[in-house]
There are 2 protein chains.
Amino acid sequence: MSNYPLDDPPSTWPVSDIADSWARELPGARTDSIAVITPLWRTAKALADDRRRTLAALDLDPSTLDLLSVIRRAGRPYELTTREITDRTLVTAGAISQRIARAEEAGLVSRSPSTASRRAVAVRLTDAGHQLIETAVRRLLEHESRLVEALSDAERSALATCLAKIDAALHG
Amino acid sequence: MSNYPLDDPPSTWPVSDIADSWARELPGARTDSIAVITPLWRTAKALADDRRRTLAALDLDPSTLDLLSVIRRAGRPYELTTREITDRTLVTAGAISQRIARAEEAGLVSRSPSTASRRAVAVRLTDAGHQLIETAVRRLLEHESRLVEALSDAERSALATCLAKIDAALHG
DNA sequence: CCGGTTACGTTTAGCACTAAACGTATCAGA
DNA sequence: TCTGATACGTTTAGTGCTAAACGTAACCGG
């Protein structure tokens, strides 16, 4: 059946239709947020799907990429505690624990007691993990740079400003 | 432990630090996409979390909201086929089937053979479902309108333009 | 030195999703 | 009138997440 898989994205419903429908069905409702929020989510999802496709070629999933990236970009000795990883990430400590377990299983990181604190756990890139993240990040940054080439410098800063204002409204 | 729950969002790592780290660790890499893509994802997630909190007060989750919304805004007789729902949504047909099953279990929709096509299934709002979505959408539109008040008309259209350009680059 | 509190990490149940296989209905062409 | 292709919907296994409970280590005030 037509479950639009990753390599065949669906044609999405026009955002203006959604706002128009609500304006018709709920007269008086303020529908102006739709034109902002719906495209934002759609683009975020499209980017996430695109990244997943790009990484699939390297047998890597986005959550493992995220884990290895955080450790790699911290620099030598390519080792962080679970807590430090959690702080630099948008998921819970439980999710990080699971990500580490999967990556350890795959031979990409190793766990050992931290030298600094006896209750901390140090997570370090293995050679295989280091090699993989190196390739993946270089490829991904190259690919995504080409994507955002569509935006001028002025547009980029305008976009960042708008997003920051929304974050601020969310109290962030 | 400090698993930042829904009502206590984390302070996020500065985006500029991420770009700087990669510039230092991978000299020559094009890191300019980070300043665009990372904030986009963060704001999308913050909006999703905020919506989840808002809906929790009504004992409603975002996926059920999405289902009921699509049916409600189609207008009378508040009935669509599974296929029509899938077309207006960003998830797979399997996910829609599961959403319908959950909503049916909760007494929010009912399923019956479609009159139009014998292989189609008609999904219709129950009275309870209609009442719930009415309250939820009015509340949500009001809330999210206040959020985007932070943006001027010019900013809103600039934002939409930027997102459209990214979508276009993703071939969409 | 002891007892409470806080910090770190893991484990578990439950949830919502995808991908893929499946069953059934419908249609179009030989 | 078959027959193969297509459309519609459901089911299932697997994935990755959250929330919450848990165990252990460290710290701090009396």
Side-chain angles (χ1 to χ4, degrees), chain A residues 1-10 41 44-45 48-49 51-53 55-56 59-67 80-106 109 111-123, chain B residues 1-10 41 44-45 48-49 51-53 55-56 59-67 80-106 109 111-123:
Chain A
M1 65 154 314
S2 85
N3 283 0
Y4 52 81
L6 279 182
D7 39 66
D8 177 24
W41 275 342
K45 177 173 169 20
D49 289 348
R51 176 172 282 196
R52 185 178 297 274
R53 273 194 301 275
L55 293 175
D59 253 310
L60 190 59
D61 59 280
S63 60
T64 303
L65 172 89
D66 195 29
L67 172 66
L80 291 176
T81 67
T82 297
R83 184 73 184 131
E84 290 170 324
I85 296 170
T86 300
D87 288 344
R88 292 162 169 75
T89 299
L90 293 182
V91 297
T92 61
I96 293 300
S97 191
Q98 294 171 43
R99 285 182 178 183
I100 294 169
R102 293 195 297 270
E104 191 176 35
E105 182 69 23
V109 302
R111 253 188 288 209
S112 57
S114 167
T115 53
S117 156
R118 208 186 311 275
R119 65 189 157 184
V121 170
V123 183
Chain B
M1 68 151 310
S2 83
N3 284 358
Y4 53 83
L6 280 182
D7 38 65
D8 178 26
W41 274 342
K45 177 172 171 16
D49 289 348
R51 176 173 282 197
R52 186 178 295 275
R53 273 193 302 272
L55 293 175
D59 253 312
L60 190 60
D61 60 279
S63 61
T64 303
L65 172 90
D66 196 28
L67 172 66
L80 289 176
T81 67
T82 296
R83 184 71 184 130
E84 289 171 325
I85 297 170
T86 300
D87 288 345
R88 291 161 170 76
T89 299
L90 293 182
V91 298
T92 61
I96 293 299
S97 193
Q98 294 172 43
R99 286 181 177 183
I100 294 168
R102 292 195 298 269
E104 192 177 33
E105 182 68 26
V109 302
R111 253 188 288 210
S112 57
S114 166
T115 52
S117 156
R118 206 185 314 273
R119 66 188 154 184
V121 169
V123 182

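A quick note: this is a predicted structure, and the numbers were derived from the prediction, not measured. Reminder, nothing fancy here: chain letters follow the sequence lines and each chain counts from 1.
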Give the rounded distance in Å between these two atoms: [atom1] of [X] and [atom2] of [N].
X: R53(A); N: dT18(C); atom1: CZ; atom2: P; answer: 14 Å
X: K45(A); N: dA16(C); atom1: NZ; atom2: P; answer: 17 Å
X: R51(B); N: dT18(D); atom1: CZ; atom2: P; answer: 19 Å
X: R52(A); N: dA19(C); atom1: CZ; atom2: P; answer: 8 Å
X: D61(B); N: dG14(C); atom1: CG; atom2: P; answer: 17 Å
X: E105(A); N: dG16(D); atom1: CD; atom2: P; answer: 13 Å
X: L67(B); N: dA16(C); atom1: CG; atom2: P; answer: 12 Å
X: I96(A); N: dA19(D); atom1: CD1; atom2: C1'; answer: 16 Å

* Looking at every strand, decide which applies to A120(B) at a 4.0 Å heavy-atom threshold: base, sugar-phosphate, or nothing. =>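 Contact class for A120(B): sugar-phosphate only.
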* Asked: For S117(A), which contact category applies under a 4.0 Å heavy-atom criterion: base, sugar-phosphate, or nothing?
  ->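 If one applies the 4.0 Å heavy-atom cut-off, S117(A) turns out to touch nothing in the nucleic acid.
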* Is the shortest side-chain N to carboxylate O distance from R83(A) to D87(A) below 4.0 Å? ->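 Answer for the salt bridge query: yes.
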* Side chain of T82(A) - closest among dG16(D), dG9(C), dG9(D) ->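 Side chain of T82(A) sits closest to dG9(C).
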* Among dC17(C), dT18(D), dT10(C), the nucleotide that comes nearest once only the side chain of V121(A) is considered ->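 Closest nucleotide among those given: dT10(C).
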Contact under 4.0 Å: [X] side-chain N or O vs [N] OP1/OP2:
X: R102(A); N: dT15(D); answer: no
X: S97(B); N: dG9(D); answer: no
X: R83(B); N: dA25(C); answer: no
X: R111(A); N: dG9(C); answer: no
X: T92(A); N: dT18(D); answer: yes
X: R99(B); N: dC17(C); answer: yes

Show each protein N/O and nucleotides 27-29 of chain C N/O combination with a separation under 3.5 Å, one pair to a line.
none

* If you look at every heavy atom in K45(A) and L90(B), which pair is closest and at what distance? ->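 Looking at all heavy atoms of both residues, the shortest contact is CE-O, 3.1 Å.
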* Asked: If every non-hydrogen atom of R102(A) is compared with every non-hydrogen atom of S63(A), which pair is closest and at what distance?
  ->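 Looking at all heavy atoms of both residues, the closest pair is NH2-OG, 3.4 Å.
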* Asked: Mind checking what makes salt bridge (Lys or Arg N to Asp or Glu O under 4.0 Å) contact with D61(A), not counting sequence neighbours?
  ->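 Once residues adjacent in sequence are excluded, D61(A) has no partner under the salt bridge (Lys or Arg N to Asp or Glu O under 4.0 Å) criterion.
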* What residues form a salt bridge (Lys or Arg N to Asp or Glu O under 4.0 Å) with R51(B), not counting sequence neighbours? ->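 Listed in chain order: E144(B).
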* **Donor-acceptor under 3.5 Å (T89(B) side chain, I85(B) main chain)** =>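 Such a contact is found between T89(B) side chain and I85(B) backbone.
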* Asked: So, the side chain of S97(A) versus the backbone of A93(A): is there a donor-acceptor pair under 3.5 Å, distance only?
  ->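 No.
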* Asked: How long is the span from the OG1 atom in T86(A) to the CD1 atom in I100(A), to the nearest 0.5 Å?
  ->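 Between T86(A) OG1 and I100(A) CD1, I get 7.0 Å after rounding to 0.5 Å.
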* Check if the side chain of Q98(A) and the base of dT15(D) share a donor-acceptor pair of N or O atoms closer than 3.5 Å. =>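 By the distance-only test, no, there is no pair.
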